[in-house]
Number of protein chains: 2
Amino acid sequence: MNRTAEALRKKDAVAVLREHGIKVSHQRVLVLEYLLEHDTHPTVDTIYQDLLPHVPGLSKTTVYNTVRLFVEKGIAQELTIEGTEFRYDIADPSHAHFKCVRCGALYDLPLPQELSAALRVPPGFRLEESHLYLKGVCPSCTRTN
Amino acid sequence: MNRTAEALRKKDAVAVLREHGIKVSHQRVLVLEYLLEHDTHPTVDTIYQDLLPHVPGLSKTTVYNTVRLFVEKGIAQELTIEGTEFRYDIADPSHAHFKCVRCGALYDLPLPQELSAALRVPPGFRLEESHLYLKGVCPSCTRTN
DNA sequence: ATTCTTGCAAATCATTTGCACTTTA
DNA sequence: TAAAGTGCAAATGATTTGCAAGAAT
């Protein structure tokens, strides 16, 4: 990535932070950039390990603080499909998550239009967030039967 | 509950274990009965605390072993909606789970027919399990605004 | 008798907390 | 410079593991 693209990317992240009323810091920009560029549903530890070489002295606590803040402000969403650790995503209600029970890989799958339309909740409930978690065997593992 | 009903209940649990190829033990019968009678999505600790008075010497490890076995054999399902702890259910794909972000209560909600029908997965994926987790505010908390 | 199950204690691992230091508006 | 953000170390809490004793067929 050249200097111009990098500058643009940083500007984007800063803009997103400002739009959501979040104070800008070096660490927050980097974590947000990381999430914007990786649709890999990383854990806190993954984000931390990947960022550490570029941010000497980074603390895992800061990554925890930062992703929690992003979730509160609606920038990111917390995936609980694993059950043992949280994964993070740029918030996007338009897809489901599929976990391969063989290899553990996590896929984004398109959410059928009819499905989100059918998503209703009984009177009295106010729906704020929904997650469709699917489990099974992915194409790659099916081939390697 | 009178003696006859209790005997029937126990017979049911034993039958379910046998049908699923699980060896019968005192502890397994009691944990299964607990799940059959409580649609409260209990955690391991809740099951343990509730059963302990009736099963002196019960170990939490045994509850962990037992629910894991039930999940493997398809009797129970593991809910990951909390993200911090597992909850357990008699396996039933016909409803969604709603978590109130105010009070933390967990509700079973009927799953719209169209929704399960629309649930498709791209070619190559084999779907084995699906969970729809909803979050928002429950009727009781909406009233107490 | 052999195999499976149970229970205890210790280990593990993700996440949270308390607090002192630093950065930023 | 006041308010907020960061980082370290220690605490917490759910789950897992190793292993010895007990139960079932």
Side-chain angles (χ1 to χ4, degrees), chain A residues 10 13-15 17-34 41-73 75-88 104 106, chain B residues 10 13-14 17-18 20-34 41-73 75-88 104 106:
Chain A
K10 176 143 308 191
V14 169
L17 290 176
R18 294 233 164 89
E19 283 163 20
H20 287 82
I22 297 176
K23 278 199 177 176
V24 174
S25 80
H26 188 207
Q27 292 87 335
R28 287 171 178 177
V29 169
L30 290 166
V31 172
L32 180 51
E33 286 178 354
Y34 187 93
H41 325 95
T43 63
V44 162
D45 191 63
T46 303
I47 300 173
Y48 171 72
Q49 298 296 342
D50 287 358
L51 245 34
L52 192 52
H54 310 105
V55 195
L58 177 65
S59 162
K60 205 181 282 189
T61 302
T62 297
V63 180
Y64 274 105
N65 290 338
T66 303
V67 294
R68 181 197 295 129
L69 181 66
F70 289 176
V71 170
E72 283 170 12
K73 299 297 188 180
I75 295 182
Q77 65 183 341
E78 202 165 49
L79 307 180
T80 63
I81 190 169
E82 301 284 359
T84 53
E85 59 190 353
F86 290 111
R87 292 178 171 275
Y88 296 89
L106 204 53
Chain B
K10 176 142 306 190
V14 169
L17 291 176
R18 294 233 163 90
H20 288 82
I22 297 177
K23 279 196 177 178
V24 174
S25 79
H26 188 208
Q27 291 87 336
R28 287 171 178 175
V29 169
L30 290 166
V31 172
L32 180 51
E33 285 178 356
Y34 187 92
H41 326 95
T43 63
V44 162
D45 191 63
T46 302
I47 300 172
Y48 171 71
Q49 298 296 343
D50 287 358
L51 245 35
L52 192 54
H54 309 104
V55 195
L58 177 65
S59 162
K60 206 183 278 188
T61 302
T62 297
V63 180
Y64 274 105
N65 290 338
T66 303
V67 293
R68 180 197 296 130
L69 181 66
F70 289 176
V71 169
E72 282 170 13
K73 298 298 188 178
I75 295 183
Q77 65 183 344
E78 203 165 48
L79 307 181
T80 63
I81 191 170
E82 299 284 359
T84 53
E85 59 189 355
F86 291 111
R87 291 178 171 275
Y88 296 89
L106 203 53

side-chain N/O [X] vs [N] OP1/OP2, d < 4.0 Å:
{"X": "A:Gln27", "N": "C:dT23", "answer": "no"}
{"X": "B:Ser25", "N": "C:dT6", "answer": "yes"}
{"X": "B:Arg68", "N": "D:dT16", "answer": "yes"}
{"X": "A:Thr62", "N": "D:dG5", "answer": "no"}

Look at the side chain of [X] and decide which nucleotide, out of [options], has an atom nearest to it.
{"X": "A:Asn65", "options": "D:dT6, D:dT15, C:dT5", "value": "D:dT6"}
{"X": "B:Arg28", "options": "C:dT16, C:dT6, C:dA9", "value": "C:dT6"}
{"X": "A:Thr61", "options": "C:dC8, D:dC8, C:dT15", "value": "D:dC8"}
{"X": "A:Tyr64", "options": "D:dG7, C:dT6, C:dT16", "value": "C:dT16"}

Mind calculating the distance between [atom1] ([X]) and [atom2] ([N]) to the nearest angstrom?
{"X": "B:Leu51", "N": "C:dG7", "atom1": "CG", "atom2": "C1'", "value": "15 Å"}
{"X": "B:Leu30", "N": "C:dT5", "atom1": "CG", "atom2": "P", "value": "16 Å"}
{"X": "B:Ile47", "N": "D:dA14", "atom1": "CD1", "atom2": "P", "value": "14 Å"}
{"X": "A:Arg18", "N": "C:dA25", "atom1": "CZ", "atom2": "C1'", "value": "10 Å"}
{"X": "B:Glu82", "N": "C:dT16", "atom1": "CD", "atom2": "P", "value": "13 Å"}
{"X": "A:Leu52", "N": "D:dG7", "atom1": "CG", "atom2": "P", "value": "10 Å"}
{"X": "A:Leu17", "N": "D:dG5", "atom1": "CG", "atom2": "C1'", "value": "13 Å"}
{"X": "A:Lys60", "N": "D:dC8", "atom1": "NZ", "atom2": "P", "value": "12 Å"}

- Item | Residue closer to the 5' end of DNA chain D, B:Phe86 versus A:Leu58 (nearest nucleotide) |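 The residue closer to the strand's 5' end, by nearest nucleotide, is A:Leu58.
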Distance in Å, [X] [atom1] paired with [Y] [atom2], rounded so as to fall on 0.5 Å steps:
{"X": "B:Gln27", "Y": "B:Leu58", "atom1": "CD", "atom2": "CG", "value": "6.5 Å"}
{"X": "B:Ile47", "Y": "B:Leu52", "atom1": "CD1", "atom2": "CG", "value": "13.0 Å"}
{"X": "A:Lys23", "Y": "A:Arg28", "atom1": "NZ", "atom2": "CZ", "value": "8.5 Å"}

- Can you check whether any acceptor in the base of C:dC8 is under 3.5 Å from a donor in the side chain of B:Ser59, or vice versa?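 By the distance-only test, no, there is no pair.
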- At under 4.0 Å between heavy atoms, what does B:Thr84 touch on the DNA or RNA strands: base, sugar-phosphate, or nothing?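 The answer is sugar-phosphate, as B:Thr84 gets under 4.0 Å only of primed atoms, P, OP1 or OP2.
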- Item | Distance-only polar pair, side chains of A:Tyr88 and A:Glu78, donor-acceptor under 3.5 Å |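 Yes, because at least one side-chain N or O of A:Tyr88 sits under 3.5 Å from a partner of the opposite role on A:Glu78.
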- Closest approach of A:Tyr64 and A:Val44, non-hydrogen atoms and distance?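 Minimum heavy-atom separation between A:Tyr64 and A:Val44: CE1-CG1, 3.5 Å.
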